[in-house]
Protein chains: 2
Amino acid sequence: MLLAQVEGFLEVARRGNVSRAAEAMFVTQPTLTARLHALERELGEPLFARTRRGMKLTDAGRAFLPYAERAMRAVRDGRQALADARSASAGRLVLGAAPAVSTYVLPALLQRFAGAYPRVEVAVRTGHSEDVLQMLLREEVQLAMVRALRHPDIESIPLYEEALVLVVPPGHSFAERSKVGIADVASERLIFFDRTSSYYELTQAFFLSLGVTPREVMELDNIESAKKMVQRRLGIALLPRTAVAGELAAKTLTQVSVTDAPAVSQKIVVIRRRDQGRPSGTVAAFLNLLRDSDPAAVA
Amino acid sequence: MLLAQVEGFLEVARRGNVSRAAEAMFVTQPTLTARLHALERELGEPLFARTRRGMKLTDAGRAFLPYAERAMRAVRDGRQALADARSASAGRLVLGAAPAVSTYVLPALLQRFAGAYPRVEVAVRTGHSEDVLQMLLREEVQLAMVRALRHPDIESIPLYEEALVLVVPPGHSFAERSKVGIADVASERLIFFDRTSSYYELTQAFFLSLGVTPREVMELDNIESAKKMVQRRLGIALLPRTAVAGELAAKTLTQVSVTDAPAVSQKIVVIRRRDQGRPSGTVAAFLNLLRDSDPAAVA
DNA sequence: ACGCGGCCATAGAAAACGCCTATAGCTAAG
DNA sequence: CTTAGCTATAGGCGTTTTCTATGGCCGCGT
């Protein structure tokens with residue numbers, strides 16, 4: 001059964017006239033006649049009674065009518081749903097994000113996204129990069145923004161380089177000095193956060209590579225607390241730039257560059273399952289938004 | 001868009017595998033692949049992501065899925081509705097009937113019909129033959145059982161000959177006489193019913209044609225009352241045979257033949273609009289039942 | 001009365017389409 | 001390194017669909 005036949009049936013049923021219906025459907029009248037005949041043959045029942053002044057539904061036709069309408073409506077709605085999905089004018093987007101991304105970068109991005117696609121439902125799931133990767137592999141999220149990591153089933157798009165910066169409380173002795181060396185840092189009390197996070201390892205590796213054993217004085221499980229500790233002068237910390245941008249601007253924390261140490265940073269990427277084909281709909285829309293903005297800057 | 005494509009989409013979505021789905025649909029794998037491609041091309045969006053181990057729905061495919069299911073279900077249900085209508089195993093039948101038919105003939109017929117087609121909804125509208133004809137022309141009823149009348153837009157099928165019989169109360173002098181002539185009848189008090197009914201004209205014409213002026217003593221608007229009047233010995237009446245069959249059998253009324261007068265009767269037919277094509281479904285079922293039974297006898 | 005116009009059905013030819021078999025291309029697993 | 005299991009592609013064939021042109025029917029208006 002062709003949908004064109006069903007559509008022709010409906011059109012003729014509405015107009016009671018094959019010729020007009022054919023015209024409206026941009027086919028010739030014999031074509032439409034043939035479609036109707038084919039449909040009637042397939043259904044084994046005349047759908048129309050042919051009269052002098054046109055086509056009139058038979059009882060069978062009347063019985064079939066609502067189903068034909070339902071079928072056409074379903075197809076029409078399906079097309080619309082696809083169009084919506086394509087333009088991302090509606091749909092659902094499930095993101096995963098590492099905590100630092102989720103807290104300091106995502107809000108501004110999602111604000112822009114929600115403004116552009118108000119009818120899209122957005123969900124965010126947070127976790128350490130490795131956990132978020134698992135969510136992606138289990139298809140619990142469609143995209144994830146995490147630190148760069150590799151896995152055969154995923155592809156990554158670089159987002160930004162997240163620098164770890166040394167922050168000290170305002171008025172700290174480092175703040176006035178023109179030169180702060182790694183040795184100076186090692187003599188300070190250090191505040192770390194979240195031993196289970198990749199930041200911890202990264203920071204540790206940083207000091208160890210320089211032959212410095214950091215004096216760990218405190219370990220917190222979230223960045224926000226770490227910032228508070230620094231502000232209370234309990235130590236200094238190496239924190240993601242995006243996480244302290246606000247405090248630096250408000251001058252409630254001060255950034256210090258270490259002259260004799262390389263910049264430490266980690267790459268933040270957005271990852272996606274390879275087996276999902278080309279990104280489409282809300283996913284594509286979000287990726288475009290990422291491409292068009294500097295995620296580290298919008299925050 | 002071909003329904004076969006939608007069906008293929010659903011089958012592949014379910015199985016995640018073109019080859020198996022093709023097998024299940026009794027087509028070759030390339031055929032099904034082509035259908036999917038055509039559908040994706042028409043919708044302008046890949047519905048599946050091709051992976052090493054088969055076909056996986058894309059987000060777009062997932063969005064389209066429920067609509068595809070809905071469309072297929074609508075078509076399937078439509079077919080079923082037609083099949084039901086054809087076998088008259090379900091549906092609706094709206095009948096019109098003249099009062100005498102409705103009261104004395106239809107009940108037995110409908111009892112049989114309802115037994116054969118228990119899921120068919122039956123509605124009966126009653127009125128004088130001319131009114132019922134109008135209902136039919138306005139398509140308020142699908143069939144009507146009335147006295148024979150003609151109209152260019154209807155076709156009639158003869159049902160039975162309804163004889164008008166002279167009935168007298170038990171013990172009436174006529175009941176014992178071997179011969180009752182029209183002159184005898186004229187001397188009796190006569191009971192008529194319903195001046196607006198065709199029976200009235202018919203009965204009047206009968207007497208007039210014989211040069212007899214009936215002594216009308218009473219006119220009622222329904223047959224049932226007329227029978228009661230005769231039983232109470234208020235007169236004698238010429239009534240439809242089908243309407244008095246019960247009383248004759250129970251001997252609460254007695255039939256008398258008039259020797260010197262022709263039998264008077266009228267044809268009862270079932271009528272139908274000409275422009276409705278071949279009867280189908282419940283209508284055909286009822287017509288078959290009429291053809292297979294003697295309506296005057298079943299009562 | 002008679003032609004005209006509007007209706008659906010039919011005929012025949014050209015084009016398009018769908019289906020098949022066979023095969024290629026790819027990847028994962030043995 | 002082959003094999004097995006996917007889907008995609010190619011080419012040929014048969015059917016279907018579509019078109020134009022025409023037929024037949026009936027009602028309407030001149």
Side-chain angles (χ1 to χ4, degrees), chain A residues 1-43 45-58 61 137 151-155 273-278, chain B residues 1-43 45-58 60-61 151-155 273-278:
Chain A
M1 187 188 304
L2 290 156
L3 235 22
Q5 295 169 350
V6 179
E7 196 177 1
F9 164 73
L10 287 175
E11 198 65 36
V12 173
R14 255 194 292 281
R15 303 182 187 259
N17 180 312
V18 177
S19 305
R20 309 275 180 70
E23 196 179 348
M25 298 177 69
F26 306 106
V27 294
T28 59
Q29 167 263 316
T31 295
L32 187 48
T33 292
R35 285 186 190 169
L36 297 181
H37 283 160
L39 185 60
E40 290 178 325
R41 185 155 30 85
E42 178 170 351
L43 295 175
E45 199 94 11
L47 264 11
F48 292 102
R50 277 71 171 169
T51 75
R52 303 83 200 86
R53 53 178 97 275
M55 309 283 273
K56 239 168 126 309
L57 280 176
T58 60
L137 293 174
H151 186 284
D153 293 349
I154 67 163
E155 62 185 1
R273 284 183 65 120
R274 264 185 214 289
D275 65 0
Q276 306 275 283
R278 302 252 324 276
Chain B
M1 187 189 302
L2 290 156
L3 236 22
Q5 295 169 351
V6 179
E7 197 176 359
F9 164 72
L10 288 174
E11 198 66 34
V12 173
R14 255 193 293 280
R15 301 180 189 261
N17 180 311
V18 177
S19 305
R20 308 274 179 70
E23 196 180 348
M25 296 176 70
F26 305 105
V27 294
T28 60
Q29 169 263 316
T31 295
L32 188 47
T33 291
R35 285 185 190 170
L36 297 181
H37 283 160
L39 184 61
E40 289 179 324
R41 186 157 27 86
E42 179 170 352
L43 294 176
E45 198 93 12
L47 264 11
F48 292 101
R50 277 69 173 171
T51 76
R52 304 84 195 86
R53 53 178 99 273
M55 308 284 273
K56 241 168 122 312
L57 279 176
T58 60
H151 186 284
D153 293 348
I154 67 163
E155 63 184 2
R273 284 182 65 120
R274 263 186 215 289
D275 64 1
Q276 305 275 286
R278 302 255 322 275

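To find a chain, count down the sequence lines: A is the first, B the second, and so on, and within it residues start at 1. Computed from a predicted model, the values in this text were never measured in an experiment. In what follows, every heavy atom counts, from backbone to side chain, and hydrogens, waters and symmetry copies are set aside.
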TODO: Give the nucleotide from the list dC6(D), dC8(C), dA22(C) with an atom nearest to the side chain of Met55(A).
DONE: dC8(C)
- [ ] For dC8(C), take OP1 and OP2 only and decide whether either is under 4.0 Å from a side-chain N or O of Ser19(A).
- [x] yes
TODO: Please determine if a side-chain N or O atom of Arg50(B) lies less than 4.0 Å away from the OP1 or OP2 oxygen of dC6(D).
DONE: no
- [ ] Respond yes when some side-chain nitrogen or oxygen of Thr33(B) is under 4.0 Å from OP1 or OP2 of dT7(D), and no when none is.
- [x] no
TODO: Assign Leu32(A) to base, sugar-phosphate, or nothing according to its heavy-atom contacts below 4.0 angstrom with the strands shown.
DONE: nothing
- [ ] Considering just the side-chain nitrogens and oxygens of Arg35(A), establish if one lies under 4.0 Å of OP1 or OP2 belonging to dT18(D).
- [x] yes
Task: Nearest-angstrom distance from the residue atom CE of Met25(A) to C1' of dT17(D) - done: 14 Å
- [ ] Can you figure out which of dC19(D), dC6(D), dT10(C) approaches the side chain of His37(A) most closely?
- [x] dT10(C)
Task: Rounded interatomic separation in angstrom, taking CD from Glu23(A) and C1' from dC19(D) - done: 16 Å
Open item on the list: Quick test of your reading of the model: are Glu23(B) and Arg20(B) salt-bridged, counting only N-O distances below 4.0 Å?
Closed with: no
Task: From Leu32(B) atom CG to Glu7(B) atom CD, the distance as rounded to the nearest 0.5 Å - done: 10.0 Å
Open item on the list: Please tell me if Asn17(A) has a side-chain N or O lying less than 4.0 Å from either OP1 or OP2 of dG6(C).
Closed with: no
Open item on the list: What is the distance, to the nearest angstrom, from the CG atom on Leu57(B) to the P atom on dT7(D)?
Closed with: 13 Å
- [ ] Indicate the atoms forming the closest heavy-atom contact of Val12(A) with Ala21(A), along with that distance.
- [x] CG2-CB, 3.7 Å
Task: Pairwise 5' ranking along DNA chain C for Ala34(B) and Gln29(B), keeping only the more 5' one - done: Ala34(B)
Open item on the list: If I take atom CG in residue Leu2(B) and atom P in nucleotide dC19(C), what distance separates them, rounded to the nearest angstrom?
Closed with: 8 Å
Open item on the list: As a test of reading the structure: which of dC20(C), dT20(D), dT7(D) is closest to the side chain of Val27(B), going by heavy atoms?
Closed with: dC20(C)
Open item on the list: In whole Å, I'd like the distance from the CZ atom of Phe48(B) to the C1' atom of dC6(D).
Closed with: 14 Å
- [ ] Can you measure from CD (Glu40(B)) to CD (Gln5(B)) and round to the nearest 0.5 angstrom?
- [x] 10.5 Å
Open item on the list: Less than 4.0 angstrom between a side-chain N/O of Thr28(B) and OP1 or OP2 of dT21(C), yes or no?
Closed with: no
Open item on the list: Nearest to the side chain of Pro30(A), heavy atoms from C-beta on, is which of dA11(C), dT21(C), dT17(D)?
Closed with: dA11(C)
TODO: Taking the side chain as every heavy atom from C-beta outward, state whether Met1(A) and Leu43(A) have any pair of such atoms under 4.5 Å apart.
DONE: yes
Open item on the list: Of the listed nucleotides (dT20(D), dC6(D), dC8(C)), which one gets closest to any side-chain atom of Val18(A)?
Closed with: dC8(C)
- [ ] Find the distance Gln5(B):CD to dC17(C):P and express it as a whole number of Å.
- [x] 12 Å
Task: Any side-chain heavy-atom pair of Leu137(A) and Asp153(A) under 4.5 Å - done: yes
- [ ] Answer yes or no: does a side-chain N or O of Arg20(B) lie under 4.0 Å from OP1 or OP2 of dC6(D)?
- [x] yes
Open item on the list: Whole angstroms only, please: what is the CZ-P distance between Phe26(A) and dT18(D)?
Closed with: 15 Å
- [ ] Send over the distance from Leu3(A) CG to dT17(D) P, rounded to a whole Å.
- [x] 14 Å
